Visitor: 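This is the structure I have questions about; it appears just below.
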Amino acid sequence: MLLSPQAERNWEDLCSVLEDVLEDQSHRQLFALELGSGTGQHVIRFAQKIPFVTWQPSDIKEESRDSIKAYIAAINAKTVLQPIHLDASEPWEKWAGLSRSSCDVIIAINLLQYSSFKTAQGVFNGAGQILRPNGLLITYGVYAINGTITPSCNELLDAELRKINPEWGLPDIDVLRQLAYGNGMRMERMIEMEEYYKCLIFRKL
């Protein structure tokens with residue numbers, strides 16, 4: 001099993017956000033897709049705390065999918081499905097057979113800043129198709145706002161990411177808002193998190 005120190009630090013705060021935004025739907029079973037699940041620590045913790053959601057983890061890397069499988073087996077998670085290979089930059093029809101309007105929630109944690117703009121487009125295009133009406137797309141990470149990155153530590157992070165891959169970098173909230181609007185969603189909330197991170201909540205109209 002892989003271990004991410006950051007995931008261990010932030011899962012509780014993220015779980016609190018999920019519990020808050022999903023509270024009014026806790027009377028029914030929901031289906032959630034996690035994009036870029038990574039180690040699997042988040043989805044396992046979420047499943048333990050939010051039992052009314054069936055979770056579908058996914059990742060492009062086989063190493064990550066193996067780690068997720070190990071976490072599922074270790075805690076005998078009943079509401080976490082086996083991880084699927086999913087490349088969010090691909091058209092939604094290639095998203096492992098997920099059908100239109102099949103998801104109540106789509107989560108992307110620390111995905112967008114480590115991705116190309118094509119992937120960001122794919123996330124919002126796919127969410128616009130796969131989310132049910134009133135469904136939620138929730139993204140967590142560090143963002144630019146209207147072309148500006150603050151404070152200096154975030155500027156450094158953006159520069160470091162672009163050194164690793166010129167297509168990576170902090171996505172701009174205003175651009176994401178426009179992507180959402182173009183795919184039948186609207187940004188409903190922006191929640192301030194630790195260390196200048198934010199949760200963005202988009203709702204399918």
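Quick caveat, the model's predicted, so the values are computed rather than measured. Keep in mind that the numbers below use all heavy atoms, side chains included, and drop hydrogens, waters and symmetry copies.
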Visitor: List the steps and the verdict of side chain to side chain donor-acceptor pair (under 3.5 Å) for Glu34 and Ser58.
Guide: CA-CA 6 Å; Glu34 184 184 22; Ser58 71; over 6 Å; no

Visitor: Any heavy-atom pair between the side chains of Leu170 and Leu157 that's under 4.5 Å?
Guide: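 They are in contact (side-chain heavy atoms under 4.5 Å apart), so the answer is yes.
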
Visitor: If you measure from the Lys or Arg side-chain nitrogens to the Asp or Glu carboxylate oxygens, is any gap between Arg132 and Asp104 under 4.0 Å?
Guide: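 So Arg132 pairs with Asp104 through a salt bridge.
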
Visitor: Side chains of Tyr140 and Leu112: does their closest heavy-atom pair fall under 4.5 Å?
Guide: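 Tyr140 does not reach Leu112 side chain to side chain.
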
Visitor: Could you pull out the closest heavy-atom pair between Asp172 and Asn146, with the gap in Å?
Guide: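 Minimum heavy-atom separation between Asp172 and Asn146: OD1-N, 3.2 Å.
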
Visitor: Where is the tightest heavy-atom contact between Ile130 and Trp92, given as atom of each residue plus distance?
Guide: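 The answer is CG1-CE3, 3.9 Å.
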
Visitor: Hey, mind stepping through Tyr143 and Tyr196 against ring-ring contact (aromatic ring centres under 6.0 Å, His included) and telling me if it holds?
Guide: CA-CA 9 Å; Tyr143 303 93; Tyr196 308 109; over 10 Å; no

Visitor: Just grab all the side-chain hydrogen bond (donor to acceptor under 3.5 Å, both in side chains) pairs involving residues 176-186, residues at least two apart or on different chains.
Guide: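 Sorted result for residues 176-186: Asn125-Asn183, Asp174-Arg177.
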
Visitor: Salt bridge or not for Arg45 and Glu8, using N-O below 4.0 Å?
Guide: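 Looking at Glu8 together with Arg45, the answer is yes, because their closest N to O distance falls below 4.0 Å.
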
Visitor: Could you go through Gln41 and Thr39, starting from their C-alpha distance and side-chain angles, then the distance that decides it, and tell me whether this counts as side chain to side chain donor-acceptor pair (under 3.5 Å)?
Guide: CA-CA 6 Å; Gln41 289 160 261; Thr39 64; 2.7 Å; yes

Visitor: Within the structure provided, determine whether Met193 and Asn10 are in side-chain contact (heavy-atom separation under 4.5 Å).
Guide: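 Heavy-atom side-chain distance check fails, nothing below 4.5 Å.
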
Visitor: Would you mind reporting whether Leu179 and Leu176 have side-chain heavy atoms less than 4.5 Å apart?
Guide: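 Leu176 vs Leu179: side chains touch.
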
Visitor: What is the ring orientation for Tyr114 with Trp168, classed by angle as parallel under 30°, tilted 30 to 60°, or perpendicular over 60°?
Guide: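 Tyr114 and Trp168: perpendicular rings.
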
Visitor: Within the 4.5 Å heavy-atom criterion, are Ile84 and Arg65 side-chain neighbours or not?
Guide: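 No; the side chains remain at least 4.5 Å from each other.
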
Visitor: Do you reckon Met185 sits in the same ILVMFWY cluster as Ile138, going by side-chain contacts under 4.5 Å, direct or chained?
Guide: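 Result: no, two separate clusters.
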
Visitor: Can Glu19 and Lys49 be counted as an ion pair, charged N to O under 4.0 angstrom?
Guide: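 No salt bridge links Glu19 with Lys49.
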
Visitor: Is the number of heavy atoms from other residues, nucleotides or ligands within 6.0 Å of CD (Glu192) greater than 12?
Guide: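 Enclosed.
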
Visitor: So does Glu188 have more than 12 non-hydrogen atoms from other groups sitting under 6.0 Å from CD?
Guide: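 Yes, the 6.0 Å shell around CD holds more than 12 heavy atoms from other groups.
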
Visitor: Do Phe52 and His27 touch side chain to side chain, with heavy atoms closer than 4.5 Å?
Guide: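 No, too far: nothing below the 4.5 Å cut-off.
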
Visitor: Tell me whether Glu62 at atom CD has more than 12 heavy atoms from other residues, nucleotides or ligands lying less than 6.0 Å away.
Guide: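 Not more than 12 within 6.0 Å, no.
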
Visitor: Side chains of Pro133 and Leu205, heavy atoms from C-beta outward: is any pair under 4.5 Å?
Guide: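 In short, these two side chains do not touch, never coming nearer than 4.5 Å.
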
Visitor: Do Leu33 and Trp95 come close enough that some side-chain heavy atom pair is under 4.5 Å?
Guide: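 Yes, close enough: below the 4.5 Å cut-off.
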
Visitor: By the definition side chain to side chain contact (heavy atoms under 4.5 Å, CB included), identify the one residue from Val21, Leu137, Leu136 that meets it with Arg203.
Guide: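 Filter result, single survivor: Leu136.
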
